[in-house]
Amino acid sequence: MSIDTEAVSPDVETYPVVVTIARDFGAEGHEIGKMLSLELGIPFYDNEVLVRASERAGSSVSDAAAYDEQCAAELFAFLPDRMDARSNGDKLFAHVVDVVQELGSQSCIIEGRLSDYILRDNPNRIAVLVTAPLDARIEIVRSKRGWDEKRAKKLVKKMQRGRELFYDRYSKGKNGLHDNKDIVVNRARFGRQGCVDIIAAAYRAKVAAIDAAAVAEADATGAVAADATAAHPAE
């Protein structure tokens, strides 16, 4: 796997390599993110985003969790430009943006919370979608919770719809849950470890491209300096 050096920035201080993981509900994106963190040796942030955002909002984590990646059904909740009409979810998301930008100032893995869209201006970001067919996701949830299929299907559809609405709402329709991803991995086809291997390979390819871009930039700078010296030799 190789990546065009022109598609990355060698300035990793400003643009660290960050993996964002969007996931369909039941596809085990959380578990894959944790495994990827161990594989790459970089931090993984999931619920930590909510914890930090709730602290900044001055609310409890349990209260904030009711709005986590969900859209509020409060009156006027869909009028985000009116400050007096902003829902609690809107207010929490403003802090989520700050937290994601702060965490994204270093190389890491960030799960959900529209992090791929929030960090869209980072050319070294790798936007991942972890997915699986609906029936596979229902079976994963059913098996984990010990439920019957009907109950598991109801939860999967409810939570999936909430995530999709969350993406549409807070990106103002510019970035859906399944949109603008660099990599899409199928949990049902590749398994957890297979998904980790694919994403890890992309991460390492991105790092290699950045290193190559840095070398090319240094060579170009050296060539310019050499030309300047040749044009104006020391007297």
Side-chain angles (χ1 to χ4, degrees), residues 16 18-34 36-37 42-122 125 127-130 137 141 144-145 147 151-152 154-180:
V18 177
V19 179
T20 61
I21 299 180
R23 66 274 189 247
D24 286 328
F25 188 80
E28 296 196 303
H30 177 81
E31 291 83 352
I32 289 168
K34 288 175 64 177
L36 182 66
S37 175
I42 59 177
F44 170 65
Y45 300 107
D46 187 350
N47 293 333
E48 178 69 15
V49 176
L50 179 62
V51 171
R52 295 193 187 194
S54 63
E55 289 175 348
R56 297 184 184 193
S59 61
S60 68
V61 176
S62 59
D63 287 341
Y67 300 97
D68 188 30
E69 295 192 289
Q70 299 292 314
C71 284
E74 300 171 19
L75 186 64
F76 300 128
F78 288 90
L79 299 175
D81 293 332
R82 285 182 51 187
M83 294 301 292
D84 60 337
R86 294 174 67 200
S87 72
N88 290 330
D90 295 331
K91 295 170 185 175
L92 176 66
F93 183 71
H95 293 291
V96 166
V97 171
D98 290 340
V99 171
V100 168
Q101 290 175 337
E102 180 181 286
L103 295 175
S105 65
Q106 63 171 333
S107 187
C108 65
I109 303 161
I110 304 178
E111 188 97 6
R113 281 82 186 186
L114 202 63
S115 53
D116 53 327
Y117 182 72
I118 294 170
L119 300 176
R120 63 191 180 279
D121 292 332
N122 179 353
R125 177 215 61 180
V128 176
L129 171 67
V130 176
R137 291 187 284 119
V141 171
K144 283 185 175 181
R145 303 194 180 212
W147 291 354
R151 187 179 180 188
K154 183 177 180 180
L155 178 65
V156 169
K157 287 193 169 184
K158 175 185 175 182
M159 297 302 292
Q160 181 70 19
R161 181 59 175 161
R163 288 182 179 177
E164 290 174 356
L165 286 173
F166 179 86
Y167 261 75
D168 288 340
R169 172 171 172 72
Y170 291 110
S171 72
K172 297 182 179 179
K174 297 177 181 178
N175 196 85
L177 177 62
H178 296 152
D179 296 339
N180 303 314

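For Arg120, the salt bridge (charged side-chain N to carboxylate O under 4.0 Å, His left out) criterion is met by no residue, not counting sequence neighbours. Every salt bridge (charged side-chain N to carboxylate O under 4.0 Å, His left out) that Arg113 has, sequence neighbours left out, goes to Asp46, Asp68.
Residues Met159 and Gln70 are in side-chain contact: their nearest non-hydrogen atoms beyond the backbone lie under 4.5 Å apart. In this structure the side chain of Phe166 reaches within 4.5 angstrom of the side chain of Leu114, judged on heavy atoms. Side-chain atoms of Asp116 and Asn180, non-hydrogen and from C-beta on, never get closer than 4.5 Å to each other. Between Val51 and Glu55 there is a side-chain heavy-atom pair separated by less than 4.5 Å. Using a 4.5 Å heavy-atom cutoff, the side chains of Leu177 and Phe25 are not in contact. Counting heavy atoms from C-beta on, the side chains of Asp179 and Tyr117 never come closer than 4.5 Å.
A salt bridge links Glu69 with Arg23; the closest basic N to acidic carboxylate O contact falls under 4.0 Å.
Looking at Asn175 and Tyr170, their side chains never bring a donor and an acceptor atom within 3.5 Å of each other.
The environment of CZ in Arg56 is crowded: more than 12 heavy-atom neighbours from other residues, nucleotides or ligands sit within 6.0 Å. The environment of Lys174 atom NZ is sparse: at most 12 non-hydrogen atoms of other residues, nucleotides or ligands sit within 6.0 angstrom.
Side-chain atoms of Ser37 come within 3.5 Å of backbone N or O of Ile42 as a donor-acceptor pair. Under the 3.5 Å distance criterion, the side-chain polar atoms of Asn122 are matched with a main-chain donor or acceptor of Pro16.
Interatomic distance, CZ of Arg163 versus CG of Asp168, reported as 14.5 Å (0.5 Å rounding). Remark: Arg145 CZ to Arg151 CZ distance equals 8.5 Å, nearest 0.5 Å. Annotation: the span from Ile109 atom CD1 to Leu103 atom CG amounts to 12.5 Å, rounded to 0.5 Å. Note: Arg52 CZ to Asn47 CG = 12.5 Å, rounded to the nearest 0.5 Å. Leu119 contributes atom CG, which lies 5.0 Å from atom CD1 of Ile110 (distance to the nearest 0.5 angstrom). For the atom pair CD of Glu28 and NZ of Lys34, the computed distance is 11.0 Å after rounding to the nearest 0.5 Å.
Scanning both residues, Val61 and Ser54, for their nearest heavy atoms gives CG2-OG, 3.5 Å. Across Ala65 and Leu50, no two heavy atoms sit closer than the pair CA-CD2, 3.8 Å. Shown here for Ala22 and Tyr167, the closest heavy-atom pair between the two residues is CB-OH, 3.4 Å. Here the shortest heavy-atom pairing between Glu111 and His30 reads OE2-N, 3.1 Å. Here the shortest heavy-atom pairing between Tyr45 and Cys108 reads CE1-CB, 3.8 Å.
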N/O donor-acceptor pairs under 3.5 Å from side chains in residues 92-101, not counting sequence neighbours:
none

